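Report on the following structure.
Lettering of chains follows the sequences in order, A, B, ..., and the numbering in each one begins at 1. Source: prediction; values computed, not measured.
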Number of protein chains: 2
Amino acid sequence: MKKVTINSVATYAGVSKKTVSRVLNNEPNVSPATREKVLKVFKELDYTPNPIARGLARNRSFIIGCLYDNPSKSYITRVQSGALEACHKHNYNLLIHPCELRGGALIANIENLLTTSRLDGLVLTPPFSDSVELIEFLKRKNVNYARVASAIEDDESISVRSNDEQGAFEITEHLIELGHSNIAFIKGHPDHSATEQRFSGYQRALSTHNIAFNNALVAEGNFSYHSGADSAKAILDITPRPSAVFASNDYMAAAVLKLATQRHLKVPEDISIAGFDNAPIARHIWPGLTTIAQPVEEMTRQAVELLINQIGGADVGVLQTTLEAKLITRESTAKP
Amino acid sequence: MKKVTINSVATYAGVSKKTVSRVLNNEPNVSPATREKVLKVFKELDYTPNPIARGLARNRSFIIGCLYDNPSKSYITRVQSGALEACHKHNYNLLIHPCELRGGALIANIENLLTTSRLDGLVLTPPFSDSVELIEFLKRKNVNYARVASAIEDDESISVRSNDEQGAFEITEHLIELGHSNIAFIKGHPDHSATEQRFSGYQRALSTHNIAFNNALVAEGNFSYHSGADSAKAILDITPRPSAVFASNDYMAAAVLKLATQRHLKVPEDISIAGFDNAPIARHIWPGLTTIAQPVEEMTRQAVELLINQIGGADVGVLQTTLEAKLITRESTAKP
DNA sequence: ATGAAATGTGACACCGGTGTCATAATGAGG
DNA sequence: CCTCATTATGACACCGGTGTCACATTTCAT
């Protein structure tokens, strides 16, 4: 099968390349008759313009790259879903690129990515949105980027985050108001800024309600289900057993719930469990998890939309936004 | 900041574009001295080649597109993970494109995708891997593609599937051998060929063990958790209550488990539950789900690898492979 | 009818690389 | 020292579009 290019169309239709290009891009100043004629040839020859050539001429690829390194699959799915919504709205496409923050190869990896595929912009999700090294590199390379859920504030780039500290405060307060005071906490991955923020919200709630912070009640997780299972073991063995557990995300909370159930503890009668994120699993298990609904899709959608506007050369106005997190109470928390 | 192109490098280094290009691509016939010189200029000018220009010249984008329309998020995550592994191994990138099979806009949507971004190949996941309309279109457009978990056999294109019928047979047989005979079944999405195959395996197992098939025990799901919850209601209200439920995927099985637990039924003492896929949720809940481990990542990895070889012009040899599914027994199934 | 403005069209350079081929420089063998 | 093969290098066309600008044609007010 012979390739159909803009040249063949032009020859066949008896007009110049440029006129074909005009029809292709719906530019004005083409007579209706000519336009019709060219459009007919498009159909006849089954012509599809070459996006690469177009990209070269316009210096655009209409592709956004999404960087992630996140143990929580559902978080990534939600990120993708928000990013895709914004992309498709503007006729952009999304390229996904998981990679590792640690190991020293990050910059080389991203450099290779940019060499392999021309990307108009990059969405950085945690923990990349907090990587100063990466951000410096992108600035130097003049690559457009948007940060999702980043804690860095003194940066003039696009950033959409949610209020993790406040969310953690509220859910801890919810437990306290139910009557809990012996509340265990499971931390997230140390590379993620959300980890520190959620921890800090937990501590602030305790202190606000005059409950002494007890480091023995804190377990180190990393947002993965598996780490939650390990932390759960540690926590359920504490004497006296905490009457409530607040895990930094729903996966880890689900792991606590599973172990508690295995040990024939009744949730929430014997122990209350709270999570964070409002991941699907929070409502797929019984009892459903009390959690903080974090607007992951919406954050990403907004970030990508701003990014695309910026790429288009528009004046984006407000670059940095903070969305609210919301407490969702389900069956996993109750009075002790 | 001025753009650094191959021309600036050439001028600065005092050589021709072509020589720079040679160094860039590690081609032979460049004297060590010249190579050194050019490499030094790369560093000095912080040069990054333009992938689009390269793509235009070579007629390659080194991007694979992944099509999906699947209610199960974890399935998609696994597909992506397998596809990415193969892509990165060959220095390709992955662009994701969820879209709808139904609605009539599919072909236009894909046509637009191909117009927007030059893709070297497409991975079709269910239900697209069974869409004759789409496959015809891609053939006509001369687009390389690979099918994952497709039931179409009389096609000369790349296809990697797993044995769904056999998997469903085995898990049903497992229930029968435990002593169950009143086994309810929840179907998957009607657009997916796996749905028919799993149903067929269920029926074959019944018939092999001389158990009469009873259509009243069959509920219509669509692979989503939500549809599983609806089916669960219907099934748990059947009198006499089935002693076991086999759901066509783990999400729906999890929904059955949740409702059963809510109704204070003990699993597996009062009712056994089996799923399909070995999705993460199968081991994140208690009791863990007995299920069929489907090698989703591996299927996709192999499919993409074959696809990339084909794009590279290699003789791919065997185009169609079937991988085995494996029974995983956990706590959700037991004697009635 | 006439000149100015608006509209339609094409020639040509350009985007930033790669492929082909001719030619220059180097090295081995006699 | 010369010939011939080998290695190194560059000129130039080309990939398939878009941007600029010049020019031809039409429209419209005077």
By side chain to side chain donor-acceptor pair (under 3.5 Å) - contacts of A:Thr11 (at least two apart): none

Restricting to side-chain contact (heavy atoms from CB on, under 4.5 Å), what partner residues turn up for A:Ala57, sequence neighbours left out? none

Residues in side chain to side chain donor-acceptor pair (under 3.5 Å) with B:Ser117, at least two apart? A:Asn93

Partners passing side chain to side chain donor-acceptor pair (under 3.5 Å) against B:Asn144 (at least two apart in sequence or in another chain): none

Residues touching DNA chain C, which here means a heavy atom under 4.0 Å, drawn from residues 110-119 of chain B: none

Do B:Gln320 and B:Ser159 have a side chain donor and acceptor closer than 3.5 Å? no

Ignoring backbone atoms, establish whether A:Thr19 has a side-chain N or O less than 4.0 Å from OP1 or OP2 of C:dG10. yes

Who passes side-chain contact (heavy atoms from CB on, under 4.5 Å) against B:Tyr12, sequence neighbours left out? B:Val41, B:Glu44, B:Leu45

Bend of the helix from C:dA1-D:dT30 to C:dG30-D:dC1 from end-axis comparison, five pairs per end, nearest 10°, comes to 30°

Which residue pairs pass the ring pair (Phe, Tyr, Trp, His ring centres under 6.0 Å) test with at least one member in residues 50-79 of chain B, sequence neighbours excluded? B:Phe62-B:Tyr92

Just to verify, what does A:Asp191 make a side-chain contact (heavy atoms from CB on, under 4.5 Å) with, not counting sequence neighbours? A:Leu101, A:Arg102, A:Pro127, A:His189

According to side-chain contact (heavy atoms from CB on, under 4.5 Å), who are the partners of A:Val132, at least two apart in sequence or on a separate chain? A:Glu136, A:Ile152

side-chain N/O A:Ser31 vs C:dT9 OP1/OP2, d < 4.0 Å: yes

Check nucleotides 16-20 of chain C against the protein and report each pair of N or O atoms closer than 3.5 Å, with its distance, or say if there are none.
residue : atom : partner : partner atom : Å
C:dG16  : OP1  : B:Lys3  : NZ           : 3.1
C:dG17  : OP1  : B:Tyr47 : OH           : 3.0
C:dG17  : OP1  : B:Asn50 : N            : 3.2
C:dG17  : OP2  : B:Ile6  : N            : 2.7
C:dG17  : OP2  : B:Tyr47 : OH           : 3.4
C:dG17  : O5'  : B:Tyr47 : OH           : 3.0
C:dG17  : N7   : B:Lys17 : NZ           : 2.8
C:dG17  : O6   : B:Lys17 : NZ           : 2.9
C:dT18  : OP1  : B:Asn25 : OD1          : 3.4
C:dT18  : OP1  : B:Asn25 : ND2          : 2.8
C:dT18  : OP2  : B:Ser21 : OG           : 2.5
C:dT18  : OP2  : B:Asn25 : ND2          : 3.4
C:dG19  : N7   : B:Lys18 : NZ           : 2.8

Applying side chain to side chain donor-acceptor pair (under 3.5 Å), name anything that partners A:Asn70, two or more places apart in sequence or on another chain. none

Separation of atom CG in A:Asn29 from atom C1' in C:dG8, rounded to whole Å: 6 Å

